[in-house]
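We count ligands from 1, going down the list as the structure has it; atoms in each ligand are counted the same way.
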Amino acid sequence: MDQNKIPQATAKRLPLYYRFLNSLNHQGKKRVSSKELSDAVKVDSATIRRDFSYFGALGKKGYGYNVEYLLGFFRKTLDQDELTEVALIGVGNLGTAFLHYNFLKNNNTKIVMAFDADPEKPGTDIDGIPIYHIDDLEEKMGDVRVAILTVPSGEAQGITNRLADYGIEGILNFTPARITVPSGVRVHHIDLAIELQALVYFLKHYPLDG
Ligand code: ATP
């Protein structure tokens, strides 16, 4: 399948679909209707049907979509086989939690370095991931092209400008700040409120046995 043929808006929804379908798969569900999907990922079912038609997945009336087929397709499309190195900026509470978290368990992404402005932190490491001073950002980044931002909101834009000048390609922004980037840089903003909403949906509609 030619990935370039998937519209950008559709591609952006892929991780949403992927995560939901993965949970269904873990629950042993073989199929899902576009209505169920729509309720879970908060995308209207007409859009879902159009998105899925790009993947060659045509839902059958009264049957829905085959979960395994879709997952197989998404795994390939989301490049789950390639390892991407990531830098984390801001080793506070949230940043520290991410450094302790082994992303490799679920994903092929790995945080390989972290930066902080606090003079106490550089020179130390967390679970083997070195922490450098933010002043050394450009010197240490090497080939890393993806960054996670967990700095205070007021610092987000300044750091973003430096990352953009360095040639960053993607930023996962966990700060509440809306950041501005040059056109070549992709920013994804994580809204923890939406994630929590999804969890509550699962608790309500897919209670665990026992
Ligand atoms: P959080 O839970 O959001 O991580 P926190 O209370 O642990 O909050 P914050 O004040 O949000 O800490 O700061 C997060 C981290 O970002 C801290 O470790 C702080 O030293 C670091 N930091 C602050 N300014 C900068 C900066 N300009 N560059 C890099 N790191 C910074």
Side-chain angles (χ1 to χ4, degrees), residues 12-20 22-23 40-42 78-80 82-204:
K12 211 169 167 179
R13 287 188 284 270
L14 279 182
L16 267 183
Y17 295 143
Y18 179 73
R19 228 180 315 170
F20 178 69
N22 230 348
S23 323
V41 300
K42 306 267 182 283
L78 291 169
D79 264 342
Q80 300 277 309
E82 202 177 297
L83 181 73
T84 304
E85 296 189 327
V86 178
L88 179 134
I89 328 278
V91 191
N93 287 311
L94 193 56
T96 302
F98 287 152
L99 295 183
H100 282 297
Y101 183 73
N102 180 8
F103 283 90
L104 263 180
K105 270 187 306 199
N106 308 307
N107 265 299
N108 287 337
T109 50
K110 189 177 194 298
I111 299 175
V112 293
M113 62 181 77
F115 296 91
D116 203 282
D118 177 351
E120 302 280 307
K121 292 176 184 166
T124 63
D125 72 83
I126 292 181
D127 289 354
I129 302 166
I131 303 173
Y132 302 121
H133 197 276
I134 190 66
D135 288 351
D136 300 331
L137 183 85
E138 292 79 2
E139 184 191 315
K140 300 290 187 186
M141 283 283 280
D143 292 334
V144 176
R145 289 291 177 271
V146 178
I148 298 176
L149 265 194
T150 46
V151 292
S153 329
E155 303 293 324
Q157 188 62 56
I159 304 278
T160 298
N161 295 346
R162 280 176 68 186
L163 288 168
D165 286 346
Y166 185 76
I168 203 80
E169 290 170 3
I171 297 176
L172 191 55
N173 178 20
F174 277 92
T175 81
R178 283 160 183 271
I179 52 178
T180 308
V181 288
S183 57
V185 181
R186 180 177 284 281
V187 176
H188 284 197
H189 198 168
I190 299 272
D191 186 335
L192 289 174
I194 286 180
E195 302 303 322
L196 202 52
Q197 236 181 337
L199 171 66
V200 171
Y201 177 88
F202 276 106
L203 292 177
K204 213 164 134 190

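- Near G92, with a cut-off below 4.0 Å to any heavy atom, the atoms of ligand 1 are 4 (O), 7 (O), 14 (C), 15 (C), 17 (C), 18 (O).
- Residue G90 has no N or O atom closer than 3.5 Å to an N or O atom of ligand 1.
- The local environment of CG in D135 is crowded, with over 12 non-hydrogen atoms from other residues, nucleotides or ligands closer than 6.0 Å.
- Interatomic distance, CD of E85 versus CE of M141, reported as 10.5 Å (0.5 Å rounding).
- Each of the atoms 20 (O) of ligand 1 lies under 4.0 Å from some heavy atom of D118.
- Contacts with ligand 1 closer than 4.0 Å are made by side-chain heavy atoms of I159 only, the backbone lying farther away.
- In terms of the ring-ring contact (aromatic ring centres under 6.0 Å, His included) criterion, residue partners of F202 (sequence neighbours excluded) are, by chain and number, F20, Y206.
- Ligand 1 places these atoms under 4.0 Å from at least one heavy atom of L94: 1 (P), 2 (O), 4 (O).
- By the neighbour-count criterion of 12 heavy atoms within 6.0 Å, atom CZ of R162 is densely surrounded, having more than that number from other residues, nucleotides or ligands.
- Remark: the backbone N or O of V91 is paired with a side-chain donor or acceptor of K121 at under 3.5 angstrom.
- Ligand-side atoms of ligand 1 in range of V151: 16 (O), 29 (C), 30 (N), 31 (C), range being under 4.0 angstrom from any heavy atom.
- No side-chain heavy atom of D165 sits under 4.5 Å from any side-chain heavy atom of E138.
- Of the residues listed (N173, T160, L172), the one engaging V187 in a side chain to side chain contact (heavy atoms under 4.5 Å, CB included) is N173, and it is the only one.
- Atom 20 (O) of ligand 1 has D116 OD1, 2.6 Å as its closest protein atom, hydrogens excluded (heavy atom only).
- In summary, the atoms of ligand 1 found under 4.0 Å from a heavy atom of V91, numbered by their order in the structure, are 15 (C), 18 (O).
- Residue T150 approaches ligand 1 through these ligand atoms, each under 4.0 Å from one of its heavy atoms: 14 (C).
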